[in-house]
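Chain A is the first sequence line, chain B the second, and so forth, proteins listed ahead of strands; every chain is numbered from 1.
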There are 2 protein chains.
Amino acid sequence: MITSFTEENYLKSIYHLSPDEGTAVNTNAIAESLNTKAASVTDMLKKLADKEFINYIKYQGVTLTPLGRERALNIIRKHRLWEVFLVEKLNFKWDEVHDLAEELEHIHSDLLINRLDEFLEFPKTDPHGDPIPDKHGKFNVPELIPISKLKNETSGIISGVREHSPLFLKYLEKTGLVLGQEIKIKEQIEFDGSFIISIKENDIMISREVAKNLLIAI
Amino acid sequence: MITSFTEENYLKSIYHLSPDEGTAVNTNAIAESLNTKAASVTDMLKKLADKEFINYIKYQGVTLTPLGRERALNIIRKHRLWEVFLVEKLNFKWDEVHDLAEELEHIHSDLLINRLDEFLEFPKTDPHGDPIPDKHGKFNVPELIPISKLKNETSGIISGVREHSPLFLKYLEKTGLVLGQEIKIKEQIEFDGSFIISIKENDIMISREVAKNLLIAI
DNA sequence: TTATATTTTTAGATTAATCTAAAAATAATT
DNA sequence: AATTATTTTTAGATTAATCTAAAAATATAA
Ligand SMILES: [Mn+2]
Ligand SMILES: [Mn+2]
Ligand SMILES: [Mn+2]
Ligand SMILES: [Mn+2]
């Protein structure tokens, strides 16, 4: 079954908005994430249901079928592999690759993407720490915890982000909070929930907002 | 000015169908090359003329404006650089890359394509021997002659093809008639216009059809 | 549990790209 | 020069994706 550029963005969006397999995603949530209107979403949901990519019950939201999930993961695989290519081979920064990958993920060729995977030596994660599904759609979700949930004196390695906006990524870069960097929690300020952490012998302060969006492997 | 996938294919087609800058391209020729109907072409020509990519006079065919030519060359540059990438880095064969490049050429990012150009070390020609315009749209047209126009005992290097179909390219590959290979014309058979040429100490026969589509640098 | 607020769907339009069939213009032949 | 053939354009529809405004369903609160 062929899928259009637009249908693929919907499938990916539904996947990302699904907290877990069973629970349904709302029309409005999809509309917001794709910058469209709810009416447009309803139209598309009917179409995706016809094509058996989603289970759709009027007014009850949607879940992906196994077929839809497979397709969503295939697009996510492509997105993340292209991001690795852009950063590793073409010297893009991690805050510059998202929009380009958003286009490249729609190139239709499994052979191309499998060759790219091989060329990149089968990376397990993308430049933002997100896992890359293999050609069968399999991947393991690393157990990452936001800094905001860590106790004082805990150490860990920065391994992912919850927020992918260029502004946030650029800030992290500037502050040295890059993937692979070891950090240690020193203190949480009760007043505003900000944290003092140590990084490379220095103590720095990060806001609660940042702490919630920076993920650590312990 | 933004251009859609479709508009870009039209511009490229008009460019390829233009024998030289001045002479106009017919509606029917465009329709045939894009596998659409003449009526659809007329609609699109009006649109491209509005956007000032082409000079269009009803019933008189079209020529590209400088702006249209620039855009067409930009797309051709992308097409050919992606082809080089696919062959050089991802181990595709020269007969496998066209359709993929046909999609990839529409990724909108000059930064991406300039970085790719650099990554590939600024190739001058694509896997089929066609010249790659630089970032300013400049390129030099190599002087290539089809085998069918060569005299006996002439030697030369295979440097391009006039026909890009996978069938033809696969045949050339199998026969050893690849880019860079030196050949020598031995004899032309008057009866059917076929040629006997020598390649790596062996004499082989190629049809007139093949001879017309294989380009040589002397 | 009735009234109010929110969410979702339908109705009806719009825009881009395409098509078929018919009309108009141009080119080729008697 | 008149007729015929070919090419090109217009007229009118269709399909995908989108929108606004209004109606319907569901959720929340008095
Ligand atoms: Mn996308
Ligand atoms: Mn990513
Ligand atoms: Mn194309
Ligand atoms: Mn080529």
Side-chain angles (χ1 to χ4, degrees), chain A residues 1-14 17-19 22-64 68 71-72 75 102-103 105-108, chain B residues 1-14 17-19 22-64 68 71-72 75 102-103 105-108:
Chain A
M1 176 72 71
I2 326 130
T3 41
S4 69
F5 191 101
T6 312
E7 290 169 336
E8 292 179 359
N9 283 338
Y10 272 86
L11 289 175
K12 197 157 62 93
S13 172
I14 294 166
L17 291 168
S18 302
T23 47
V25 178
N26 301 324
T27 300
N28 265 347
I30 299 168
E32 195 185 357
S33 100
L34 293 173
N35 286 304
T36 53
K37 296 293 144 79
S40 309
V41 173
T42 300
D43 283 347
M44 182 57 83
L45 294 183
K46 287 177 189 164
K47 201 168 130 196
L48 292 172
D50 279 349
K51 293 189 170 188
E52 303 192 329
F53 288 120
I54 60 172
N55 308 112
Y56 171 52
I57 307 167
K58 262 193 197 180
Y59 295 100
Q60 304 307 134
V62 294
T63 56
L64 290 171
R71 186 59 60 97
I75 302 158
E102 204 58 45
E103 281 196 66
E105 70 190 358
H106 304 291
I107 302 291
H108 285 119
Chain B
M1 177 73 69
I2 326 129
T3 41
S4 70
F5 191 101
T6 311
E7 291 169 337
E8 292 180 359
N9 283 338
Y10 272 85
L11 289 176
K12 197 158 61 95
S13 171
I14 294 166
L17 291 169
S18 303
T23 47
V25 178
N26 301 324
T27 301
N28 264 348
I30 300 169
E32 195 186 356
S33 101
L34 293 173
N35 287 303
T36 54
K37 296 293 144 78
S40 310
V41 174
T42 300
D43 282 348
M44 182 58 82
L45 293 184
K46 287 177 189 165
K47 202 167 129 193
L48 292 172
D50 279 350
K51 292 188 172 190
E52 303 191 328
F53 289 121
I54 60 172
N55 308 114
Y56 170 53
I57 307 168
K58 262 194 196 180
Y59 295 102
Q60 303 306 135
V62 295
T63 56
L64 290 172
R71 187 58 60 95
I75 301 158
E102 204 58 44
E103 281 196 66
E105 70 190 0
H106 303 291
I107 301 291
H108 285 119

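- The side chain of B/Tyr56 contributes no N or O atom lying less than 4.0 Å from OP1 or OP2 of D/dT8.
- Backbone-only contact: B/Tyr10 has heavy atoms under 4.0 Å from sugar-phosphate atoms and none from a base.
- For the pair B/Ile57 CD1 and D/dT8 C1', the computed distance is 14 Å after rounding to whole Å.
- Side-chain atoms of A/Ser13 never come within 3.5 Å of backbone atoms of A/Asn9 as a donor-acceptor pair (strictly under, hydrogens ignored).
- Nearest nucleotide to the side chain of A/Tyr59, out of C/dT20, C/dT9, D/dC19: C/dT9.
- The residue B/Thr42 sits close to a base: some heavy atom pair falls under 4.0 Å.
- Looking at heavy-atom distances under 4.0 Å, A/Phe5 makes no contact with the nucleic acid at all.
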| said: Before you tell me yes or no, could you show the steps for A/Glu103 and B/His108 under side-chain contact (heavy atoms from CB on, under 4.5 Å), namely the whole-Å CA-CA distance, both residues' side-chain angles and the distance that decides it to 0.1 Å? | reply: CA-CA 8 Å; A/Glu103 281 196 66; B/His108 285 119; 3.9 Å; yes
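- OP1 or OP2 of D/dT8 has not a single side-chain nitrogen or oxygen of B/Lys37 nearer than 4.0 Å.
- With rounding to whole Å, B/Glu8 atom CD is found 15 Å from C/dA16 atom C1'.
- For the pair A/Asn28 and C/dT8, the criterion of a side-chain N or O lying under 4.0 Å from OP1 or OP2 is met.
- The closest side-chain heavy-atom distance from B/Phe53 to B/Val62 is not below 4.5 Å.
- Here D/dT7 presents its P atom at 14 Å from CD1 of B/Ile30, a figure rounded to the nearest Å.
- In this structure, CD of A/Glu32 is placed 13 Å from C1' of C/dT7, rounded to the nearest angstrom.
- Side-chain N/O atoms of A/Asn26 include none lying less than 4.0 angstrom from OP1 or OP2 on C/dT7.
- Residue-level contact check: A/Ser40 touches the bases, meaning some heavy atom is under 4.0 Å from a base atom.
- Rounded to a whole Å, the CG atom of B/Asn35 is 14 Å from the C1' atom of C/dC19.
- Within the 4.0 Å cut-off from OP1 or OP2 of D/dT10, at least one side-chain nitrogen or oxygen of B/Lys46 is found.
- Candidate nucleotides C/dT18, C/dA21, D/dT18 were compared by shortest atom distance to the side chain of B/Ala39, and C/dA21 ranks first.
- Salt-bridge check for B/Glu7 with B/Lys51: passed, with a basic side-chain N closer than 4.0 Å to an acidic carboxylate O.
- Side-chain contact between A/Ile54 and A/Val25 is absent, with no heavy atoms from C-beta onward closer than 4.5 Å.
- Among the atoms of the strands shown, base atoms are found under 4.0 Å from some heavy atom of A/Asp43.
- We find that CD of B/Gln60 is positioned 6 Å from P of C/dT26, with the value rounded to whole Å.
- Partners of A/Tyr59 according to the ring-ring contact (aromatic ring centres under 6.0 Å, His included) rule, which considers only residues two or more places apart in sequence or in another chain, do not exist here.
- The nearest whole Å value for the distance from the CG atom in A/Asn9 to the C1' atom in D/dA16 is 15 Å.
- The side chain of A/Thr27 sits closest to C/dT8 out of D/dT8, D/dC19, C/dT8.
- At the phosphate of D/dT7, neither OP1 nor OP2 sits under 4.0 Å from any side-chain N or O atom of B/Lys58.
- Between the P atom of C/dT10 and the CG atom of A/Leu45 lies a distance of 11 Å, rounded to the nearest Å.
- Of the candidate nucleotides C/dT26, C/dC19, D/dT18, C/dC19 has the atom nearest to the side chain of B/Thr36.
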